[in-house]
Amino acid sequence: MQNPFTLTFGKSPLEPVERPVQTKEIIDTFTAEQINQQMFIITGVRGSGKTVMMTEISQKLRENDQWIVIELNPATDLLKGLLSKLNSNKVCAGIIKSSKIDLSFFGFGVAIEGMSPITDEETAIIVILEKMKKNGKRLLITIDEVTNNEFMQVFAGFFSDFCKAGSTSIFISNGFI
């Protein structure tokens, strides 16, 4: 057998070390009608399959029409990245447009007559999450290789607001927050 701890950077390894019980538990927790745990952090040694497990869970939730999965890069501004990815997702863009949410301040879309543009990322994200929730959509945000940096600290500061606003779950691999 080949070493299962060979670096594959999120690709499925040739011989995966499967974690069906943990994977199912996380998916069941996220997909429950009443969510009681909205964040998972996976830690482990390099090459142990953290990213592979996160990718597998993301793939399974993507297959469900109720879920939108957004992957963020921890080395960039997470709030701007989340807002940008929500706006570029077809389903979310439709919700934004039909809800007449004016994101023109951020360079997205056009100004909406009679509506004031939203001028900060946090408010824009919360408004979008509330509209997504009303439309029966849930959001999974994945962040791989997290480190304690300014972007993560700001994002963590708004995490509870995001959770209150919509059905949002966060899945972090290799968390060093």
Side-chain angles (χ1 to χ4, degrees), residues 1-79 81-86 88-92 125-126 128-130 132-133 135-177:
M1 174 167 115
Q2 200 173 28
N3 178 4
F5 300 107
T6 303
L7 297 177
T8 59
F9 300 102
K11 291 172 40 181
S12 292
L14 297 174
E15 295 186 42
V17 176
E18 296 190 18
R19 296 172 183 86
V21 173
Q22 294 88 350
T23 300
K24 182 180 179 343
E25 179 183 324
I26 293 169
I27 291 171
D28 289 349
T29 299
F30 283 163
T31 57
E33 195 154 323
Q34 292 295 322
I35 300 172
N36 65 351
Q37 186 172 348
Q38 292 179 277
M39 185 168 94
F40 279 88
I41 299 175
I42 296 181
T43 61
V45 298
R46 181 184 304 211
S48 63
K50 301 175 301 292
T51 301
V52 172
M53 183 180 188
M54 185 174 68
T55 302
E56 181 181 340
I57 291 167
S58 297
Q59 298 284 13
K60 289 194 187 296
L61 290 178
R62 271 192 180 97
E63 294 169 5
N64 182 333
D65 289 341
Q66 189 180 22
W67 282 88
I68 307 291
V69 178
I70 303 287
E71 298 163 351
L72 296 179
N73 179 345
T76 62
D77 185 325
L78 295 168
L79 295 179
L82 178 57
L83 182 58
S84 177
K85 289 193 177 196
L86 287 170
S88 64
N89 178 279
K90 285 182 183 181
V91 174
C92 292
I125 292 167
I126 288 170
I128 294 167
L129 292 175
E130 289 169 345
M132 286 175 62
K133 186 176 183 178
N135 282 279
K137 299 296 180 189
R138 296 171 100 173
L139 176 66
L140 174 68
I141 301 168
T142 64
I143 308 172
D144 195 15
E145 298 295 334
V146 171
T147 58
N148 185 4
N149 64 26
E150 181 183 345
F151 299 128
M152 195 64 213
Q153 291 168 5
V154 170
F155 187 82
F158 289 99
F159 175 70
S160 65
D161 292 336
F162 296 157
C163 291
K164 288 180 222 167
S167 297
T168 306
S169 298
I170 310 290
F171 192 73
I172 298 174
S173 174
N174 200 21
F176 298 108
I177 300 174

Contact check, side chains of [X] and [Y], non-hydrogen atoms, under 4.5 Å:
X: Thr142; Y: Thr55; answer: no
X: Phe155; Y: Leu72; answer: yes
X: Leu78; Y: Val154; answer: no
X: Arg138; Y: Asn64; answer: no
X: Leu79; Y: Phe162; answer: yes

Next on the checklist: Does the plane of the ring in Trp67 sit parallel, tilted or perpendicular to the ring in Phe30? Use 30° and 60° as the thresholds.
Outcome noted: tilted
Next on the checklist: Has Asn149 got a side-chain atom pairing as donor or acceptor with Phe151's backbone, closer than 3.5 angstrom?
Outcome noted: yes
Looking at every heavy atom in both [X] and [Y], which two are closest together, and how far apart are they?
X: Lys137; Y: Asp65; result: NZ-O, 2.8 Å
X: Thr147; Y: Met152; result: O-CB, 3.7 Å
X: Val146; Y: Pro74; result: CA-CB, 4.2 Å

Testing [options] for side-chain contact (heavy atoms from CB on, under 4.5 Å) with [X], which one passes?
X: Lys24; options: Ile27, Asp28, Val21; answer: Asp28
X: Ile57; options: Thr23, Ile42, Val69; answer: Thr23
X: Ile128; options: Leu82, Leu139, Leu86; answer: Leu86

Rounded distance [0.5 Å steps], [atom1] in [X] versus [atom2] in [Y]:
X: Lys85; Y: Leu83; atom1: NZ; atom2: CG; result: 12.5 Å
X: Ile143; Y: Ile41; atom1: CD1; atom2: CD1; result: 9.5 Å
X: Lys50; Y: Thr43; atom1: NZ; atom2: OG1; result: 8.0 Å
X: Asp144; Y: Asn73; atom1: CG; atom2: CG; result: 9.5 Å
X: Gln38; Y: Thr29; atom1: CD; atom2: OG1; result: 11.0 Å

Checklist entry - For Lys60, does the NZ atom sit with more than 12 other heavy atoms under 6.0 Å from it, leaving out its own atoms? => result no
